[in-house]
Student: 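Here's a structure for you.
Sequential numbering from 1 along the given sequence is applied to the chain's residues. We count ligands from 1, going down the list as the structure has it; atoms in each ligand are counted the same way.
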Amino acid sequence: MTAAKVPATPVIAEHRDDWLVCPDCGALQATEPLQQAQQLVCTNCDRVLNFGRGPWLDTTTALAVAALILFIGANAFTFFTLQLGSVTQPATILSGVGALMDREQWILAALVLVTIFLLPMLEVAALLYLLLPYRFNRRLPGQIFVLRWLERVQHWIMQDVFLLGVLVTTVKLGDSATVHLGPGMPLFFLLVGLLQAGYWVMDKQNLWNWLHASNCFSRDPNENLYDCDICKAMVGESIVMERGHCPRCNTRIHTRIPDSLQKTSALILASIVLYIPANLYPIMHYDELATSYNSTIWSGVVDLAANDLWLIAIVVFVASMVVPILKLMMLIFLVWSIQARMTGATRLRFWMYRTTKFIGRWSMVDVYVVTLLTAVVQFGLIGQVEPGAALLPFAAVVVLTMLAAENFDPRLIWDNAAENDPAEARVRTLAQLNTVNLTRE
Ligand SMILES: [Zn+2]
Ligand SMILES: [Zn+2]
């Protein structure tokens with residue numbers, strides 16, 4: 001007996017400006033055109049979904065062009081010069097990378113190079129590759145890939161964290177030596193501000209709609225809709241099951257991140273294991289007149305406080321000690337709450353998830369401080385800094401906890417709530433939304 005072939009229903013692709021799926025909780029909701037300074041907030045989880053941007057294209061293009069010039073300037077000039085007696089040591093953005101490579105710390109050197117130089121450089125190039133052709137309505141090959149990459153990589157561009165690291169380093173050094181600020185520092189300061197502002201103002205949805213007008217792909221108005229994490233297209237369940245990829249930007253779409261809890265738990269466990277050597281071993285060695293001092297993360301904070309550098313002590317304490325522990329505790333609680341099928345405190349848990357994602361990268365501060373110190377404090381007998389055994393496990397803790405947060409699927413929080421309270425069910429269909437709209441009018 002042969003099974004009759006059922007022809008697949010063609011995909012209906014359309015442009016829906018008036019509907020949007022919340023990426024954090026999966027609620028499908030009606031949207032409205034926004035005026036400048038207006039915000040659209042998810043009715044279910046309070047996430048800001050969009051905001052009025054005004055003339056974003058002019059602003060972002062100007063910021064991206066300025067960022068290109070600043071990027072060249074900030075890398076060409078010195079950040080600061082350290083003077084001890086008659087000896088001077090200049091530092092540029094990449095000095096720390098060079099110092100790590102000299103010591104054959106390849107993994108750390110690569111991590112610093114990628115997060116403070118390579119990714120920001122590619123970000124500037126990507127912005128220009130998208131914005132300049134958009135002004136002239138010229139589509140170029142690979143733009144969908146470029147925009148997708150830009151959205152994915154945002155968390156890993158850590159110039160702002162590096163800037164904080166530079167400030168901590170100069171204040172720390174200013175206590176015992178003379179620090180002359182170079183022109184690279186203010187240029188870099190501006191660069192960080194302009195790049196962040198540029199990305200923030202850029203209307204990503206508008207660009208996606210320009211690259212591919214359809215943002216809704218469905219076979220049946222009664223099927224559940226899921227959203228693409230990257231381009232925010234709404235994709236019907238049948239297409240998700242069949243293709244697994246977003247028809248607009250080709251990102252993998254999951255109804256839920258596969259094995260989210262297992263992946264998150266494994267990454268949390270690895271972070272906890274590495275957190276022990278990261279705190280037990282010295283993060284750097286300081287040699288002065290044939291005496292060697294070992295500095296762990298904690299003793300570094302104590303030293304700063306002892307020298308009355310309270311503000312810097314608090315910054316390092318919060319970024320290096322409070323943030324990793326807080327992040328791990330919140331992630332453990334989130335995973336446990338899903339496994340225990342907790343139904344309450346959805347908004348609190350959702351806030352925890354967002355906070356974990358936001359604060360994670362700031363722990364990299366200490367890694368940047370140690371690499372900068374290693375680069376500039378090279379005065380032989382008078383004073384010399386070398387990275388310690390804790391630096392690599394500490395950097396690994398930061399990276400692994402960031403990955404743990406990325407692998408946690410926040411929609412799981414709402415799944416349990418929906419089990420007990422059908423009114424909170426969030427995965428809605430276009431047909432249901434139509435009725436909502438009708439009853440509103
Ligand atoms: Zn939401
Ligand atoms: Zn997509």
Student: So F217 and H212, would you call those rings parallel, tilted or perpendicular, with 30° and 60° as cut-offs?
Tutor: perpendicular

Student: Which protein N, O or S atoms sit under 2.8 Å from the Zn ion (ligand 2)?
Tutor: C228 SG, C231 SG, C246 SG, C249 SG

Student: Might you point out which heavy atoms bring A395 and L111 nearest each other, and give the distance in Å?
Tutor: CB-CD2, 3.8 Å

Student: How about D160 and W362: does a side-chain donor come under 3.5 Å of a side-chain acceptor?
Tutor: no

Student: Mark yes or no: K263 above the aromatic ring of F408, with NZ or CZ under 6.0 Å from the six-membered ring centre and no more than 45 degrees from the axis.
Tutor: no

Student: Can you see whether F51 has R53 sitting over its ring - NZ or CZ less than 6.0 Å from the centre and within 45° of the normal?
Tutor: yes

Student: Testing the basics here: between L49 and V41, what is the closest heavy-atom pair and its distance to 0.1 Å?
Tutor: CD1-C, 4.3 Å

